[in-house]
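Supplied in structure tokens, the structure appears directly below.
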Amino acid sequence: MLGGILVTLALSSSVWAIDVVKFRGDNGITEATGKILVQAADGGVLLLTPVGVLLPLGSSEVIEITQNDLPFQAATPKEAATYWLQRLPKNFEVYTTAHYVVLHNASRDYARWCGSLLERLYNGFTAYFSHKGLTIERPAFPLVIVVFATRQQYIEHCREEVGDAIERIQGHYNLETNVVTTYDLTGSNGTATAAQIARYIMQPGVQQTITTLVHEASHQLANNSGVTCRWTDTPQWVSEGLAMFFETPDLRSSRGWSTVGALNYERLQRFRAYLPQRPSDSLATLIRDNSRFQNLSTAMDAYAEAWALTYFLLQQNGQAFITYLARLREKSPLVYDSPEERVEDFSQAFGDLRQVESEFLRYILRLR
Ligand SMILES: [Zn+2]
């Protein structure tokens, strides 16, 4: 997604000034303000805008870069809502919670239910990492969730952004826009009342659907709370492993999030089914690059193994995992590590791969 720019420079030195980039956009010459995160040798830039959008601009698009003395300031929830409402169909409304801006043309009850679910995830997520000694930053940008009334509207609006995979998903998080988009999962076509939602979440099989929403929201949270960084190279087993660690929705409690760190049986079963044919270099191939996630025939096993590995490391070696995450965040923006560097970083954090492998398998086989 962010692979279009060849990067040679590190962080812009004037992080506090606002950068003003004049560029050729789809509708002629236009201007965007924000913070330049990287500038390529050829003149292309990656601009972080006040609403938290990452705008990659190629050298042929950039006309002029200037700066003003005002400090870079993230948009308020109201400003973020205004920005996104201009890019959505006319009938969207705003529902704001402590950390989220829910933009919806679904019912207000559904927006409220989403907001409350995500606030509980937020609390569970931040409490978990704070307890592990990781200082959790309050998100700099409002966390925006877009909820369409129907699946059809969701597919139509997002097909260009997501591609044909949109047919198979219930929601997605976009690293560039920083937005989670989903739809009214109850199937009420945007009319769900609180009572209907309460009945809906009690139905068998619904948990799996809501898991998708929580999974995508976990990606957004990890990238906005300082756990991972949107513009550095986070190995996919880490980003997916973390999202799966938190994805099991807690639908019972109205306050806490009791399922943080609970066993993810779906992923565990899948990993166990993979074990008989699991190659001896499986751990190495999972860590060294993202290819197993990108191939349809290997993706599900890669996800399961990423969950199992993340679960094992967080539960058994949490401090090393926190140190490893810090190492990943400190990397240069948009610079992608070689397979050797990935393995080296991993071994430095957790020890020799063969040793990790045997402890990992022993641990996972004991899980009940
Ligand atoms: Zn994911």
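The figures that follow rest on heavy atoms only: side chains count, while hydrogens, waters and symmetry mates do not. Start at 1 and go down the list; that is how both ligands and their atoms are numbered.
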inquiry  = Quick check on the Zn ion (ligand 1): does Glu216 put an N/O/S atom closer than 2.8 Å to it?
reply    = no

message = Centroid separation under 6.0 Å, is that true for the rings of Tyr183 and His104?
response =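 Here the rings of Tyr183 and His104 have centres that are no less than 6.0 Å from each other.
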
Distance-only check: which donor-acceptor pairs under 3.5 Å involve side-chain atoms of residues 75-84, not counting sequence neighbours?
from: Thr76; atom 1: OG1; to: Glu79; atom 2: N; distance (Å): 3.1
from: Thr76; atom 1: OG1; to: Glu79; atom 2: OE1; distance (Å): 3.4
from: Glu79; atom 1: OE1; to: Thr76; atom 2: N; distance (Å): 2.8
from: Thr82; atom 1: OG1; to: Lys78; atom 2: O; distance (Å): 2.9

message = Restricting to N, O or S atoms, which atom of His219 is closest to the Zn ion (ligand 1)?
response =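 Of the nitrogen, oxygen and sulfur atoms in His219, the Zn ion (ligand 1) lies nearest to NE2.
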
key: Residue among Tyr311, Trp307, Phe245 satisfying side-chain contact (heavy atoms from CB on, under 4.5 Å) with Arg267   = Trp307

request  = Examine Phe246 together with Phe129 and report whether their ring centres are nearer than 6.0 Å.
outcome  = yes

query = Glu240: which N/O/S atom is nearest the Zn ion (ligand 1)?
reply =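 Of the nitrogen, oxygen and sulfur atoms in Glu240, the Zn ion (ligand 1) lies nearest to OE1.
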
